[in-house]
Amino acid sequence: MGCFECCIKCLGGVPYASLVATILCFSGVALFCGCGHVALTGTVAILEQHFSSNPSDHVLLTEVIQLMQYVIYGIASFFFLYGIILLAEGFYTTSAVKELHSEFKTTACGRCISGMFVFLTYILGVAWLGVFGFSAIPVFMFYNMWSSCEVIKALPTNLTTTADQICVDIRQFGIIPWNALPGKACGQALEQICNSNEFYMSYHLFIVACAGAGATVIALLIYMMATTYNFAVLKFKSREDCCTKF
């Protein structure tokens, strides 16, 4: 076998679907965890400076946000390891499916491990759909504030409404109690919030974090298809010798 044929054979054992999914998963998780962590910190700063003057009114929210930031560290670590494991499993199953070695041999233990990865990937995919939906909530909240500020900026052409009549009440979202003061921002105070660096950074970082969660969902869908196909082919080839390519 020449050098060219040897290289072609080695490239044939690369699980390209798993490789693309791993790169997409790492990128999505990195965006979600990194941007989400910084955006949560900016959200707390905005809340303390403009919507809740009494620390006891938002102490529970602050604790929840801190807990979410610690969870983000765990998510990043877990998916870093899980992505590497799935990529290694993809190399193993693809080599077995394509019969790159002199003998094709699969064991019940190997098929059981592949089946476990299929099940776990499906569970993680459903869970990340929930994470993706949850990450859209702060984007919706910040978009409401941003759109209200845009209305205030356009008021000179609309004399029927004053700036003080346009307000954003954070209490309606349930993140702080109804007795929290001031709880809402109107007119120039709201415009000042929208022009602050904390609002600008948090708003755009939440958008990027939501996009990262969406990319992770797509990566897990690719993982599902690759692991399910490999498991099905391994189980089939263990019963009958046939030529199936991935």
Side-chain angles (χ1 to χ4, degrees), residues 11-37 39-40 64-101 104-138 206 208-240 242 244-246:
L11 290 176
V14 176
Y16 293 103
S18 297
L19 183 61
V20 171
T22 301
I23 296 174
L24 190 60
C25 181
F26 283 176
S27 302
V29 171
L31 289 175
F32 174 78
C33 294
C35 296
H37 185 277
L40 287 173
V64 171
I65 289 178
Q66 290 177 351
L67 179 61
M68 292 175 60
Q69 290 177 329
Y70 285 115
V71 171
I72 284 176
Y73 296 141
I75 291 175
S77 302
F78 172 78
F79 271 91
F80 177 76
L81 295 176
Y82 190 70
I84 293 177
I85 292 173
L86 279 184
L87 183 60
E89 195 266 347
F91 272 100
Y92 163 74
T93 53
T94 302
S95 298
V97 166
K98 292 189 176 182
E99 301 183 10
L100 295 179
H101 305 290
F104 172 80
K105 185 178 180 180
T106 180
T107 63
C109 181
R111 295 193 300 273
C112 181
I113 293 175
S114 296
M116 181 192 68
F117 281 123
V118 172
F119 175 76
L120 184 58
T121 304
Y122 270 83
I123 295 298
L124 290 174
V126 174
W128 267 96
L129 282 175
V131 173
F132 176 64
F134 180 77
S135 64
I137 296 177
F206 273 128
V208 177
C210 184
T216 306
V217 171
I218 296 174
L220 289 173
L221 289 176
I222 298 175
Y223 274 137
M224 289 180 196
M225 293 184 289
T227 55
T228 303
Y229 177 84
N230 284 336
F231 172 73
V233 174
L234 285 177
K235 188 175 181 179
F236 180 69
K237 289 175 72 69
S238 65
R239 298 179 179 179
E240 181 180 355
C242 62
T244 305
K245 298 297 183 181
F246 175 62

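In this chain, residues are counted from 1 in sequence order. In this text, all values refer to a predicted model and were calculated from it rather than measured experimentally.
Taking every heavy atom of both residues into account, V208 and C35 meet most closely at CG1-SG, 3.5 Å. Taking every heavy atom of both residues into account, Q69 and H37 meet most closely at NE2-O, 3.2 Å. Scanning all heavy atoms of the two residues, the minimum distance from A219 to A21 falls at CB-O, 3.4 Å. F132 approaches G214 most closely through the heavy-atom pair CD1-N, 3.4 Å. Between G36 and A209 the shortest heavy-atom distance is N-CB, 3.9 Å.
Expressed to the nearest 0.5 Å, how far OG1 of T227 lies from CE of M116 amounts to 11.5 Å. The CD1 atom of I84 lies 8.0 Å from the CG atom of L87; values are rounded to the nearest 0.5 Å. Once rounded to the nearest 0.5 Å, the distance linking OG1 of T216 with CG of L221 reads 11.0 Å. Atom OG of S18 and atom CD1 of I222 lie 9.5 Å apart (nearest 0.5 Å). Going from atom CD1 of I137 over to atom SG of C210 covers 10.0 Å, rounded to the nearest 0.5 Å. Considering CG of L120 and CG of L220, their distance stands at 9.5 Å, rounded to 0.5 Å.
Side-chain contact between T228 and Y122 is present, with heavy atoms from C-beta onward closer than 4.5 Å. In this structure, the side chains of F79 and W128 come closer than 4.5 Å at one or more pairs of heavy atoms. Using a 4.5 Å heavy-atom threshold, the side chains of L24 and Y223 count as separate. I85 has its side chain within reach of F117: a pair of non-hydrogen atoms, C-beta onward, lies under 4.5 Å apart. Here the side chains of L40 and I72 are in contact, with some heavy-atom distance below 4.5 Å.
Side chain of Y73 to backbone of C33: no donor-acceptor contact under 3.5 angstrom is found.
Every residue two or more places apart in sequence or in another chain that forms a side chain to side chain donor-acceptor pair (under 3.5 Å) with T121 is listed here: Y82.
Annotation: F80, atom CZ; neighbour count of heavy atoms from other residues, nucleotides and ligands within 6.0 Å does not exceed 12.
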